[in-house]
2 protein chains.
Amino acid sequence: MSGGQRSSAATTDPGGLGFRPLYRQVRELLVQRIADGLWAPGQPIPSEPEIASELGVSQGTVRKALDEMAGENLVVRRQGRGTYVARHDDARILFQFFRIVPDSGAKEFPDSRLIEVAGEAADEETAAALGLAPGAAVVRLERVRSLAGEVCIAERIVVPAALFPGIAERELPNNLYELYAAQFGVVVGRASEKLRAVAAGAREAELLGVAAGTPLLRVDRTAFSIDGKLAEWRVSWCRTERVHYVSDLR
Amino acid sequence: MSGGQRSSAATTDPGGLGFRPLYRQVRELLVQRIADGLWAPGQPIPSEPEIASELGVSQGTVRKALDEMAGENLVVRRQGRGTYVARHDDARILFQFFRIVPDSGAKEFPDSRLIEVAGEAADEETAAALGLAPGAAVVRLERVRSLAGEVCIAERIVVPAALFPGIAERELPNNLYELYAAQFGVVVGRASEKLRAVAAGAREAELLGVAAGTPLLRVDRTAFSIDGKLAEWRVSWCRTERVHYVSDLR
DNA sequence: CAGTGGTCTAGACCACATG
DNA sequence: ATGTGGTCTAGACCACTGT
C-alpha cells in the first residue's frame, strides 16, 4: 500500500451506476455518530490520525470528510486544539438561522415572550408542512419576540410530538434549537424559508400592537435535522419599520 | 525538494502577523486574471499541471485554489473536459441571484419591460448606497418584470456611470449581469439583499396594477464585482400573492 | 487512446494551543 | 515538549470526455 489507491468498495464501478468516494463514506459514518449522539455537541471528537487508523484510511481522506462537515457547520475545527461537534449556541443561531437585523446596529439575539403552548392534532396544512398524516400529534407554540426592546415578531412554531416527547410540559428557553439538540437529540442542520409581504390579520395585529392591514413580512420556515427528518414548521410575522431581513447571495 | 514544504514567502512567519498560504496567493493571481479579462467567461483555463508548472507549485496547490474558486462560482469544473471561467448565463443568474419563485411551479427567468433609462447625478441616498460622492454620475433604469405571464416586480436599478461608460445608449437585455461582464468587464460575484414589507406607493401601485397601500415585498440589493467594487444598487418591489422569495439557511 | 479533473495515499514541515 | 489541525509536495490510480 505504498502510494496509489486502496482497492476498496469505492474503486472500479463496472455497473456505471453510483460511484461513492471513500471520503463520503467516511463522512456519512461520522455524521451518523453525531446524529446518534455518540459524540455530543460541544465535545471534541478523536483526532484525525486516530480516526484514520480506526477506519483504515489515510489521514488525508479523514481530513476531506471533516472539511466537508465543517463547511456544513456540523463540526468546528480549531487549529492546535482539535475538532469539536458544533453546538447550537446563541452565536451560531444568530449567524446561521436568524436573519432579522435592526436597520442600524449589530445583530443581537431577540427576547421571547411565550403566549401559548399546546398539544393538538395536525390539521391539513400543518400535516402537509411537516410531512405527517392529518391528525398526527403535534405541539404548537406561540410567542412574541422583541429586538432592541421593541416587539417586532409574532411566531407560531409547530413540531411533531413524536420527535419531541413531553416538550409541551417543559420550560421553554429562548433558543429552541439548543433544546432540540440537547434534550431530544434532534440536531437542526438546515432550513428553508419562504418570504412574503402580507397584511396583518386581527391576531397578528393584536400581538404586535399594529393596525390590522399593516404590511408585515411573513417568513415561513421548514427546518430539517442533520439526518434529513422534517423537524419544525415555523411561521413568523414581522414588522419591518425598523428591522429588515438579510440575505447574502454568493 | 522531495516531499516536505517549499521554502517560499508563505513559510516561517516570525513577525506573527499575516500568514498567507501559498494556495491563497495562487487563487488571488488566478482571480486577477479573470477580473482583468485575460481569461474570458465561458472559456477554458489552462489545465492544472500547466498552471502548476508555470507557477512552480504542485498540482495539489493549484487544485486547492481552483476548488475554492469553484465554491465561489468563479469557475466551473468539468471532469474529463477542463476548468472554465463561469458565465452569467440565465441558468446561473436564476440559481445564484434570483430568489423569487412562483408558489406552485419551477423557477423561471422573468420577462422584463423597460420603462425608463436615464443618466443623472446621484442624490444623497444613491451616493451612500453606491459608495460615491453626492452628485457623481450614475445611470438609473426602471423596469417591470413578469413571472408566468403576470406582472409582479417593479425594479429600479442604479449603477455608477464610471464603471459602465455609454450603457444608457445601449440596447438593454433581460439579463443585465451578462451584459456587465461581457461588455464592461464588471463581473458580479456576490450581492447582499435587505428585505422589508412595505405598503405600495402611488408609483409602485401604478406600475404593478395594484391599489396603493397593498403590501409589497421590497428587496434592496447591493451587488459587488469579484474584485470588490460596488457595482449596482437595485430596489425591487414585488407582489407576493402568487410568488415568494426563497432563502436557504445552512 | 490521451488528456482532463477527482480520489487516495504517504510523508514532511508549519502554525497554533496547551502543558 | 507534545499533540492538534493546516499546508505542501509527489506520485499512483480512477472516472469521465473527447478523438
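Because the structure is a prediction, the values reported are computed rather than measured. Values reported hereafter were calculated over all heavy atoms of this structure, with side chains retained and with hydrogens, waters and symmetry mates removed.
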Quick note, ring-ring contact (aromatic ring centres under 6.0 Å, His included) partners involving residues 83-104 of chain B, not counting sequence neighbours, are B:Phe97-B:Tyr177
Test of understanding: with side chain to side chain contact (heavy atoms under 4.5 Å, CB included), list the residues that count as partners of B:Gln43, not counting sequence neighbours.
B:Ala40
Residues, nucleotides or ligands: over 12 heavy atoms within 6.0 Å of A:Lys107 NZ:
yes
Over how many whole Å does the gap from B:Arg20 atom CZ to D:dG6 atom C1' extend?
17 Å
Using atom CZ of B:Arg24 as one end and atom P of C:dA15 as the other, report the distance to the nearest whole Å.
16 Å
For D:dT7 and B:Lys64 - does any side-chain N or O of the residue sit under 4.0 Å from the phosphate oxygens OP1/OP2?
yes
Here the salt bridge (Lys or Arg N to Asp or Glu O under 4.0 Å) pairs for residues 35-60 of chain B, sequence neighbours left out, are B:Arg33-B:Glu54, B:Glu48-B:Arg63, B:Glu48-B:Arg77
Name all residues meeting the side chain to side chain contact (heavy atoms under 4.5 Å, CB included) criterion together with B:Arg143; count only those two or more places apart in sequence or in a different chain, and write none if there are none.
B:Ser112, B:Leu114, B:Arg145, B:Glu155, B:Ile157, B:Asn174, B:Leu176, B:Arg234
Rounded off to whole Å, could you give me the CG-to-P distance for the B:Leu55 and D:dC8 pair?
13 Å
Spacing of B:Tyr23 atom OH relative to D:dG6 atom P, expressed in whole Å:
9 Å
Without decimals, in angstroms, what is the distance between B:Asp67 CG and C:dG6 P?
7 Å
side-chain N/O B:Thr61 vs D:dT7 OP1/OP2, d < 4.0 Å
no
Name all pairs fulfilling the salt bridge (Lys or Arg N to Asp or Glu O under 4.0 Å) condition that reach into residues 88-99 of chain A, sequence neighbours left out, sorted by first residue then second.
none
Rounding to an integer number of Å, can you tell me how far B:Ile51 CD1 sits from D:dT9 P?
14 Å
Separation of atom CD in A:Glu68 from atom P in C:dC8, rounded to whole Å:
11 Å
Between protein and nucleic acid, restricted to nucleotides 2-5 of chain D and to nitrogen or oxygen atoms under 3.5 Å apart, what atom pairs and distances do you find?
residue	atom	partner	partner atom	Å
D:dG3	N2	A:Gly80	O	2.9
D:dT4	O2	A:Gly80	N	3.1
D:dG5	OP1	A:Thr83	OG1	3.4
D:dG5	OP2	A:Glu48	N	3.1
D:dG5	N2	A:Gln79	NE2	3.2

What is the distance from CZ of A:Arg27 to C1' of C:dC8, rounded to the nearest Å?
18 Å
